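Structure first, commentary second.
These numbers were taken from a predicted model, which means no experiment stands behind them.
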Amino acid sequence: MTFSDVVETIKNLSTDEKQELQLLLKQYLREEGREEIYQNFKSAQIEQQKGELKFSANINELRVMIEE
(Lines give C-alpha, C1' and ligand atoms only; values in the text may rest on other atoms or scores of the structure.)
Protein backbone atom coordinates (compact mmCIF):
# COMPACT_ATOMS: atom_id res chain seq x y z
CA MET A 1 0.00 0.00 0.00
CA THR A 2 1.43 3.37 -0.98
CA PHE A 3 1.19 6.62 0.95
CA SER A 4 -1.36 7.96 -1.54
CA ASP A 5 -3.46 4.80 -1.00
CA VAL A 6 -3.42 5.46 2.72
CA VAL A 7 -4.44 9.08 2.19
CA GLU A 8 -7.30 8.03 -0.08
CA THR A 9 -8.47 5.47 2.46
CA ILE A 10 -8.40 8.09 5.22
CA LYS A 11 -10.46 10.47 3.09
CA ASN A 12 -13.20 7.84 2.97
CA LEU A 13 -13.38 7.38 6.74
CA SER A 14 -16.11 8.90 8.85
CA THR A 15 -15.39 12.01 10.90
CA ASP A 16 -15.30 9.93 14.10
CA GLU A 17 -12.85 7.49 12.55
CA LYS A 18 -10.63 10.34 11.36
CA GLN A 19 -10.63 11.85 14.86
CA GLU A 20 -9.74 8.47 16.37
CA LEU A 21 -6.95 8.08 13.84
CA GLN A 22 -5.68 11.55 14.72
CA LEU A 23 -5.57 10.61 18.42
CA LEU A 24 -3.73 7.39 17.61
CA LEU A 25 -1.17 9.19 15.47
CA LYS A 26 -0.52 11.74 18.22
CA GLN A 27 -0.03 8.89 20.68
CA TYR A 28 2.36 7.05 18.34
CA LEU A 29 4.38 10.23 17.78
CA ARG A 30 4.62 10.84 21.54
CA GLU A 31 5.79 7.26 22.07
CA GLU A 32 8.41 7.60 19.33
CA GLY A 33 9.58 10.87 20.87
CA ARG A 34 9.91 9.20 24.27
CA GLU A 35 11.84 6.32 22.74
CA GLU A 36 14.23 8.74 21.05
CA ILE A 37 14.80 10.57 24.34
CA TYR A 38 15.43 7.24 26.07
CA GLN A 39 17.93 6.13 23.41
CA ASN A 40 19.75 9.47 23.70
CA PHE A 41 19.86 8.99 27.47
CA LYS A 42 21.31 5.49 27.09
CA SER A 43 23.94 6.79 24.66
CA ALA A 44 24.88 9.55 27.10
CA GLN A 45 25.22 6.99 29.90
CA ILE A 46 27.62 4.94 27.78
CA GLU A 47 29.62 8.06 26.87
CA GLN A 48 29.79 8.99 30.55
CA GLN A 49 31.01 5.52 31.54
CA LYS A 50 33.73 5.74 28.87
CA GLY A 51 34.72 9.21 30.10
CA GLU A 52 33.75 10.74 26.76
CA LEU A 53 30.95 12.98 28.07
CA LYS A 54 31.99 16.59 28.56
CA PHE A 55 30.23 19.33 30.51
CA SER A 56 30.73 23.07 30.61
CA ALA A 57 28.88 26.17 31.76
CA ASN A 58 31.07 28.36 29.56
CA ILE A 59 29.22 29.31 26.37
CA ASN A 60 32.42 29.60 24.34
CA GLU A 61 33.55 26.12 25.40
CA LEU A 62 30.11 24.75 24.47
CA ARG A 63 30.39 26.28 21.02
CA VAL A 64 33.77 24.64 20.52
CA MET A 65 32.36 21.27 21.68
CA ILE A 66 29.47 21.53 19.21
CA GLU A 67 31.84 22.27 16.33
CA GLU A 68 34.04 19.25 17.09
Side-chain angles (χ1 to χ4, degrees):
M1 181 177 271
T2 66
F3 181 76
S4 60
D5 292 336
V6 172
V7 171
E8 274 304 311
T9 301
I10 291 169
K11 284 168 114 177
N12 293 323
L13 295 175
S14 69
T15 301
D16 287 341
E17 290 171 322
K18 289 174 187 171
Q19 288 173 339
E20 180 66 23
L21 182 58
Q22 181 182 28
L23 291 173
L24 287 170
L25 286 171
K26 285 181 180 181
Q27 179 181 340
Y28 297 153
L29 289 169
R30 273 193 308 270
E31 290 171 2
E32 287 179 14
R34 286 185 189 121
E35 180 63 25
E36 183 178 351
I37 290 168
Y38 177 72
Q39 292 304 323
N40 289 337
F41 168 72
K42 296 300 283 182
S43 293
Q45 278 186 319
I46 292 168
E47 286 180 26
Q48 183 180 21
Q49 290 169 355
K50 292 180 178 179
E52 298 172 351
L53 198 58
K54 299 176 186 175
F55 297 94
S56 178
N58 181 312
I59 190 71
N60 292 323
E61 287 181 25
L62 291 172
R63 286 187 179 129
V64 170
M65 286 182 205
I66 290 172
E67 292 174 0
E68 291 178 344

Considering all heavy atoms, the nearest Ile10-Lys18 contact:
O-CE, 3.1 Å
Determine whether Arg63 and Asn60 make a side-chain contact, defined as any pair of heavy atoms from C-beta on separated by less than 4.5 Å.
yes
Begin with the C-alpha distance, continue with both residues' side-chain angles, and end with the deciding distance and a verdict on side chain to side chain donor-acceptor pair (under 3.5 Å) for Gln39 and Glu35.
CA-CA 6 Å; Gln39 292 304 323; Glu35 180 63 25; 2.6 Å; yes
CE-CZ distance between Met65 and Phe55, expressed to the nearest 0.5 angstrom:
9.5 Å
Are Val6 and Leu21 co-members of a hydrophobic cluster defined by side-chain heavy atoms under 4.5 Å apart?
yes
For the atom pair CD (Glu8) and CE (Met1), what is the distance rounded to the nearest 0.5 Å?
11.0 Å
Check the pair Asp5, Thr2 against side chain to side chain donor-acceptor pair (under 3.5 Å), reporting the backbone distance first and the verdict last.
CA-CA 5 Å; Asp5 292 336; Thr2 66; 3.1 Å; yes
Would you call Glu47-Lys50 a salt bridge at under 4.0 Å N-O?
no
When you check the side-chain N and O atoms of Asn40 and Ser43, is any donor under 3.5 Å from an acceptor?
no
Within-4.5 Å side-chain heavy-atom neighbours: Glu20 and Leu24:
yes
Same cluster (ILVMFWY, side-chain, under 4.5 Å), Leu25 and Leu13:
yes
Inter-residue atom distance Asn12.CG - Glu17.CD, 0.5 Å rounding
10.0 Å
Is any side-chain heavy atom of Asn58 less than 4.5 Å from a side-chain heavy atom of Leu62?
no
